[in-house]
J.: 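Structure provided below as structure tokens; questions to follow.
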Protein chains: 2
Amino acid sequence: MESIVEILKQNKISPSIQRVRILEFLRDNRIHPTADMVYKGLVDEMPTLSKTTVYNTLKLFVEKQILVGLTLFENEVRYEYNMEPHIHFKCTKCGKIYDLDRSFDFYKDEIIDGHKVEEHHVNLKGICSNCLKTEKNK
Amino acid sequence: MESIVEILKQNKISPSIQRVRILEFLRDNRIHPTADMVYKGLVDEMPTLSKTTVYNTLKLFVEKQILVGLTLFENEVRYEYNMEPHIHFKCTKCGKIYDLDRSFDFYKDEIIDGHKVEEHHVNLKGICSNCLKTEKNK
DNA sequence: ATCATTGCAAACACTTTGCATACGC
DNA sequence: GCGTATGCAAAGTGTTTGCAATGAT
């Protein structure tokens with residue numbers, strides 16, 4: 001597997017410790033974290049880390065197309081490493097976001113009603129398998 | 001067509017002038033406005049209208065399921081009157097949001113990978129027919 | 001020494017809350 | 001007159017910006 005440092009170098013980003021750890025966090029924790037979740041996940045091992053750096057770095061990675069920034073349902077941006085097209089499912093009970101690898105009607109690059117489609121998102125919302133189990137056990 | 005006042009009464013909401021005009025605005029302007037757009041669209045004719053009332057009223061309507069609140073792509077809630085399932089297309093040039101009446105794979109009420117789907121959203125992004133035309137004429 | 005990166009503090013935008021005033025029956 | 005609705009001001013989030021201190025070559 002390609003190292004994080006190499007990915008940064010390929011994108012002409014100097015691999016500072018903050019940048020490496022932030023991208024690593026996104027690669028290793030496929031939880032669609034918010035900027036705040038990234039900050040909280042790293043601040044213990046990097047106590048001087050600032051939220052500003054997290055925001056700036058995530059923004060930089062999105063510009064360089066290393067990460068994708070998504071606003072799925074709520075009023076907050078979530079970041080993900082996975083660039084393959086996939087469906088997002090958000091559980092309304094526990095708040096977890098799942099990636100579903102189901103393929104879906106892909107309008108990308110098609111003309112629909114005269115509009116040129118460049119992105120196609122499918123977002124589902126409901127109750128995840130875990131929360132369904134917990135409900136039954138009540 | 002059912003009057004706005006009747007819709008409010010049916011939902012046990014007293015039809016104050018603010019509430020009537022806000023719901024009317026949503027029914028007559030299918031532009032998926034933000035709270036701020038609703039405020040700006042009405043404040044001229046109702047100069048004492050406050051944003052708080054707009055926010056409170058929109059929230060009330062969403063709770064009563066008269067309106068739907070959507071976070072489509074950006075970090076802001078947009079409101080719409082149309083309850084029929086449909087596709088949203090956002091133009092990255094002009095920012096307009098279009099409703100597309102295309103039907104789509106409807107996962108609602110299905111179990112997918114063990115998760116119970118209750119909402120299914122399809123969001124497209126690209127360049128709308130209008131902006132495509134303008135580009136060509138350059 | 002120079003240029004880029006970091007991180008604090010302040011500013012911002014969107015939204016919610018507390019509470020006093022005004023309205024409607 | 002009493003309960004509800006309104007709207008100002010303040011607080012609360014998530015995010016961005018200005019800028020000085022720090023770090024890398």
Side-chain angles (χ1 to χ4, degrees), chain A residues 4-5 8-9 11-26 31-64 66-80 95 97, chain B residues 4-5 8-9 11-26 32-64 66-79 95 97:
Chain A
I4 293 290
V5 171
L8 292 178
K9 281 184 182 166
N11 285 280
K12 300 189 185 72
I13 297 171
S14 81
S16 74
I17 179 71
Q18 288 88 342
R19 288 167 172 169
V20 171
R21 300 296 293 116
I22 288 171
L23 187 52
E24 208 158 48
F25 185 87
L26 267 289
I31 55 172
H32 312 78
T34 62
D36 193 62
M37 287 159 84
V38 175
Y39 174 76
K40 290 209 172 93
L42 291 172
V43 74
D44 283 346
E45 63 167 273
M46 310 175 70
T48 71
L49 181 66
S50 87
K51 258 191 198 176
T52 304
T53 301
V54 175
Y55 277 109
N56 289 341
T57 304
L58 291 171
K59 194 180 182 184
L60 175 68
F61 290 165
V62 170
E63 275 162 22
K64 296 283 186 168
I66 304 172
L67 295 180
V68 181
L70 301 167
T71 306
L72 291 179
F73 303 100
E74 274 74 32
N75 232 359
E76 60 187 4
V77 183
R78 286 169 172 275
Y79 295 89
E80 76 173 347
I97 294 172
Chain B
I4 293 291
V5 171
L8 292 177
K9 282 184 183 167
N11 285 278
K12 301 189 185 72
I13 297 172
S14 81
S16 74
I17 179 70
Q18 288 87 342
R19 287 169 173 169
V20 171
R21 299 297 293 116
I22 289 171
L23 188 51
E24 209 158 46
F25 185 87
L26 268 289
H32 310 79
T34 61
D36 193 60
M37 289 159 83
V38 175
Y39 174 76
K40 291 208 172 93
L42 292 173
V43 75
D44 282 346
E45 62 167 275
M46 309 174 71
T48 69
L49 182 67
S50 86
K51 258 191 199 177
T52 305
T53 300
V54 174
Y55 276 110
N56 289 341
T57 304
L58 291 172
K59 195 181 180 184
L60 175 68
F61 291 164
V62 170
E63 276 161 19
K64 297 280 185 170
I66 304 173
L67 296 179
V68 181
L70 300 167
T71 306
L72 289 179
F73 303 101
E74 276 74 34
N75 233 355
E76 59 185 8
V77 183
R78 285 168 173 276
Y79 296 88
I97 294 173

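A note on names: the letters A, B, ... follow the listed sequences, proteins ahead of strands, and every chain is numbered from 1. From a predicted model like this one, the values you see are computed outputs, not experimental measurements.
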J.: Could you state the CZ-C1' distance from B:R19 to D:dT6, rounded to the nearest angstrom?
T.: 9 Å

J.: side-chain contact (heavy atoms from CB on, under 4.5 Å) with B:K64: which of B:L67, B:L60, B:V62?
T.: B:L60

J.: Atom CD of B:E76 to atom P of D:dT16: distance rounded to whole Å?
T.: 13 Å

J.: Give a yes or no on whether the backbone of B:S14 and the side-chain of B:R19 come within a donor-acceptor separation of less than 3.5 Å.
T.: yes

J.: Within the structure shown, what part of the strands sits under 4.0 Å from B:T34 by heavy-atom distance: base, sugar-phosphate, or nothing?
T.: nothing

J.: Could you write out each protein N or O paired with an N or O of nucleotides 22-25 of chain D at a distance under 3.5 Å?
T.:
none

J.: Please step through side-chain contact (heavy atoms from CB on, under 4.5 Å) for the pair B:F61 and B:L8, ending with a clear verdict.
T.: CA-CA 9 Å; B:F61 291 164; B:L8 292 177; 3.5 Å; yes

J.: Would you jot down, in residue-number order, the residues of residues 38-60 of chain A having a non-hydrogen atom under 4.0 Å from DNA chain C?
T.: A:T48, A:L49, A:S50, A:T52, A:T53

J.: Atom NE2 in A:H32, atom CG in A:L26: separation rounded to 0.5 Å?
T.: 10.0 Å

J.: Output the distance between atom CG (B:L70) and atom CD (B:E76), rounded to the nearest 0.5 Å.
T.: 11.5 Å

J.: I need the B:I97 CD1 to B:L72 CG distance, nearest 0.5 Å.
T.: 5.0 Å

J.: Please report the end-to-end axis angle for the helix from C:dA1-D:dT25 to C:dC25-D:dG1, five pairs per end, rounded to 10 degrees.
T.: 10°

J.: Taking B:L49's backbone N and O only, do any of them form a donor-acceptor pair with B:T53's side chain (distance below 3.5 Å, no angle check)?
T.: no

J.: May I ask you to test the B:E74-A:T71 pair for a side-chain heavy-atom distance under 4.5 Å?
T.: no

J.: Measure the spacing between CG of A:L58 and OG1 of A:T34 and express it to the nearest 0.5 Å.
T.: 9.5 Å

J.: Between atom CE in B:M37 and atom C1' in C:dT15, what is the gap in whole Å?
T.: 17 Å

J.: OP1, OP2 of C:dC23 versus side-chain N and O of B:Q18: anything below 4.0 Å?
T.: no

J.: Between atom CG of B:L42 and atom NZ of B:K40, what is the distance when rounded to the nearest 0.5 Å?
T.: 12.5 Å

J.: Would you kindly give the CD-to-P distance between B:E74 and D:dT15, to the nearest whole Å?
T.: 13 Å

J.: Can you tell me how far CD1 of A:I13 sits from OG1 of A:T57, rounded to the nearest 0.5 angstrom?
T.: 9.0 Å

J.: Take atom CD1 of A:I17 and atom P of C:dG7, then tell me their distance rounded to the nearest Å.
T.: 11 Å

J.: Taking for each residue the nucleotide of DNA chain D bearing the nearest heavy atom, is the 5' side occupied by A:D36 or by B:I13?
T.: B:I13

